[in-house]
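Every chain is numbered from 1, with letters handed out A, B, ... down the list of sequences. Computation of the quantities below employed the complete heavy-atom set of this structure, encompassing side-chain atoms and omitting hydrogens, waters and symmetry-equivalent molecules.
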There are 2 protein chains.
Amino acid sequence: MGVTMNDVARAAGVSLKTVSNVINDYEFIRPATKQRVLDAISELGYETNLTARSLRSGKTSMLGLVLADLSIPYYAELASDIMKAAWARGYRVLVEQSGNEAEHEKAALQGQFRSLTDGLLFIPLALDAEQIITAAGKKPLVLLGEFVQDPRLDMVLIQNQEAAAAVTAHLLAGGRRRIAVLGAHDGDEAGSNGLRLRGYRAALAAAGVEHDPELVVPCGWRRDGGADATARLLDSGVEFDAVFGLNDALALGALHELLLRGRKVPEEIAVAGFDDLDESRFASPSLTTVAPGRAEIAERAVELLIERIESKDAVHSVQQPKAAFAMKVRQSAP
Amino acid sequence: MGVTMNDVARAAGVSLKTVSNVINDYEFIRPATKQRVLDAISELGYETNLTARSLRSGKTSMLGLVLADLSIPYYAELASDIMKAAWARGYRVLVEQSGNEAEHEKAALQGQFRSLTDGLLFIPLALDAEQIITAAGKKPLVLLGEFVQDPRLDMVLIQNQEAAAAVTAHLLAGGRRRIAVLGAHDGDEAGSNGLRLRGYRAALAAAGVEHDPELVVPCGWRRDGGADATARLLDSGVEFDAVFGLNDALALGALHELLLRGRKVPEEIAVAGFDDLDESRFASPSLTTVAPGRAEIAERAVELLIERIESKDAVHSVQQPKAAFAMKVRQSAP
DNA sequence: GGCTCGGTATACATCGTTGCAGATGTGCCG
DNA sequence: CGGCACATCTGCAACGATGTATACCGAGCC
């Protein structure tokens, strides 16, 4: 157990450094020498010790990914895309679940384990920009999710406001006038939910439809939150002819509750979401939603982070690319 | 950037080794000394370099988790549980997506990246036991998912057969006699799908219901596979009054397709699955399924793997604990 | 033939930590 | 008061790789 370069060197009759050179594709090695080393490597079953390499070179070739919880489908799908993008560029991803708690997020930014990664992809939920900047120090960092916005931070943006406006406009075009919104407080301005809410209000205003604060229902971020909120809404007696879940999980929870209570979707009440989960396509009825460009987000975020890592000292201006979104009109709101 | 133990030592006026001792909670240190060191640490913002520690100690405190793809909800939920269990024991998890390809699985078992982890949790899909044993070598390894069964390998078992029999029995108890099965070939004996199929047949036999091979429909493992298979089944004209998806994704795909075609669930056709995804609870109608004991599986697998890692040389017999399962009766098959 | 030059291989120090083997100091016992 | 045990602290050598500097070698040039 544990063949080292030294063993290989001895077996091949060369110096340790030559083995290193072969492994790192150094240009000037005689083919015969190279072959001898390669033979020795495969004969002994040598494998590079990445830990040692990291210590010496100062790079781990790992990216940290901090998100709330993998059991939330949107994060799982995003994580999957991010891992593929990173892998394609020779990096691995170390996922850290923050459980949406400030303490865990902070720990991820500045804790011990930071030293295992070359940079961080971070989906902040509990910390604000100031806290993030303080905690992160100089480590390469790219934010995702737009919960936090700040001109000093690199991030990949979702067009929250525009996309939410598009969903709302679609519902309005379908003749809906009393569109309930799940997942935000009426006053929210910040965070992705705030931005999405703003998009909703903008679309209403553009269509000349009055905004009723009673239709904005705060709730958790998961399916049960959407279901509960819908139940409360139905019980409250407030009239509505559509539900816009600020994410698909909420919309699916709402859909479930509406059908449970015998409401007809979409005839009576239309339902729309935001995220375009794989699951949403297969809901019954299938869910109208907007795709925020997940694959593009993953790709861009990884690319940007790696750029920051590999040109660490270079001067650079903050980048905040926006991903393209796309409406997905399905049965729940045709 | 890069405060080392040496810097701390100098600042605290002690030797480097004493700093190390403080950090590792060595017993015999005068409180005053300890405090001085701790002060220096926080003043300088020192952080342990885990890479160096790993190199020196030979432990990385990371577990590898090899699975097909995080975008598959069952794996995402399992991964989430595994990470929490590992974290609670001081380990992190490095996820590797195999995409269900033999080559990737093999690479995960014996590739470079192996040296970054102390042991591997592996959900095999493409490799068989022999290949796994050959590729894995002596590295601590615990299998999950029961796609492979072998008395030489540690693994945490799902009661595939028993649980599938329970689902089938439940459908039979509801008066169903023509139960279609999605996700296996009629001949399958191995793998979780084979075992689940065997449970299905056993339950039919126990109830004295004849088995019709035409009701067994092979298909992919995701929602679209279930939908396609259901479409084919409907088109073929084969009669059936229930569908048993060998996992929830398939069942949900089937549910979607049935409703799309105007079939009433459960009145006309009952639907049941296997996995108890979070999503299944919120489907409409909610999905009857069986929970394989995901949290317990995660817990036990992590525990077993860590035991193997930490008592590496000790003689031990192969362990194959079984997780308890639980029926979840919901609307789709009351 | 001696000298330069570029290709090829090597030696040595080094990354930041921990294991091991001691060195020092303190208190207590006889 | 010497000796001994024990608490406390220190120094050195490693872990396995890579960077830098340099040694060697044959070919080409004058």
Rounded to the nearest Å, what distance is computed from the [atom1] atom of residue [X] to the [atom2] atom of nucleotide [N]?
X       : N      : atom1 : atom2 : value
B:Lys59 : C:dT17 : NZ    : C1'   : 17 Å
A:Arg56 : D:dC15 : CZ    : P     : 16 Å
B:Asn49 : C:dT14 : CG    : C1'   : 14 Å
B:Asn6  : D:dT10 : CG    : P     : 12 Å
B:Glu47 : C:dG16 : CD    : P     : 14 Å
A:Met5  : D:dG19 : CE    : P     : 10 Å
A:Phe28 : C:dG6  : CZ    : P     : 10 Å
A:Leu50 : D:dG16 : CG    : C1'   : 11 Å

| field | Within-4.5 Å side-chain heavy-atom neighbours: A:Thr33 and A:Thr18 | value |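 When only atoms from C-beta onward are counted, A:Thr18 and A:Thr33 do touch, with a gap below 4.5 Å.
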
Margin query: For a 4.5 angstrom cut-off between non-hydrogen side-chain atoms, does A:Arg300 reach A:Val302?
Written below: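 SC-SC contact between A:Arg300 and A:Val302 ruled out.
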
For A:Lys84, side-chain hydrogen bond (donor to acceptor under 3.5 Å, both in side chains) partners two or more places apart
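With neighbours one apart ignored, the set is A:Ser80, B:Asp69.
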
task = Could you tell me whether A:Arg89 and A:Glu310 have a side-chain N and a carboxylate O separated by less than 4.0 Å?
result =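 Salt bridge flag = no for A:Glu310 with A:Arg89.
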
Taking A:Arg36 first and then A:Asp39, would you say they form a salt bridge - that is, a charged N and a carboxylate O separated by under 4.0 Å?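 Salt bridge between A:Arg36 and A:Asp39, a charged N being under 4.0 Å from a carboxylate O: no.
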
- prompt: side-chain contact (heavy atoms from CB on, under 4.5 Å) between B:Met155 and B:Gln149: does it pass, once the steps are laid out?
  reply: CA-CA 8 Å; B:Met155 57 182 79; B:Gln149 265 188 304; 4.3 Å; yes

Of the residues in residues 30-43 of chain B, which ones touch DNA chain D at a heavy-atom distance under 4.0 Å?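 Heavy-atom contacts with DNA chain D come from B:Arg30, B:Thr33.
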
Next on the checklist: Near DNA chain D, counting only heavy atoms under 4.0 Å, which residues of residues 9-26 of chain A show up?
Outcome noted: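 Going residue by residue through residues 9-26 of chain A, the ones with a heavy atom under 4.0 Å of DNA chain D turn out to be A:Leu16, A:Lys17, A:Ser20, A:Asn24.
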
Identify the heavy atoms of [X] and [Y] that sit nearest to each other, and give their distance.
X        : Y        : answer
A:Ala129 : A:Asp150 : CB-OD2, 3.4 Å
A:Ala12  : A:Ala40  : CB-CB, 3.9 Å
A:Leu141 : A:Ala136 : CD2-CB, 3.8 Å
B:Leu94  : A:Val93  : CD1-O, 3.2 Å
B:Arg308 : B:Pro140 : CB-CB, 4.2 Å
A:Glu105 : A:Ile123 : OE2-O, 4.1 Å

Describe the nucleic acid contact of A:Leu55 in one word from base, sugar-phosphate, nothing, applying a heavy-atom distance below 4.0 Å.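 Base contact.
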
Which atom pairs link the protein and nucleotides 21-25 of chain D when you take only N or O atoms and keep those under 3.5 Å?
none

Using five pairs at each end of the helix from C:dG1-D:dC30 to C:dG30-D:dC1 to define an axis, what is the angle between those two axes, to 10°?
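Computed angle between terminal axes is 60°.
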
> Given B:Phe113 and B:Glu96, is the side-chain contact (heavy atoms from CB on, under 4.5 Å) satisfied, shown in steps?
Replying inline: CA-CA 10 Å; B:Phe113 132 101; B:Glu96 180 123 359; 2.8 Å; yes

Next on the checklist: Show every side chain to side chain donor-acceptor pair (under 3.5 Å) that has at least one partner inside residues 54-67 of chain B, sequence neighbours left out.
Outcome noted: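 Passing the test, one end in residues 54-67 of chain B: B:Thr60-B:Asp118.
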
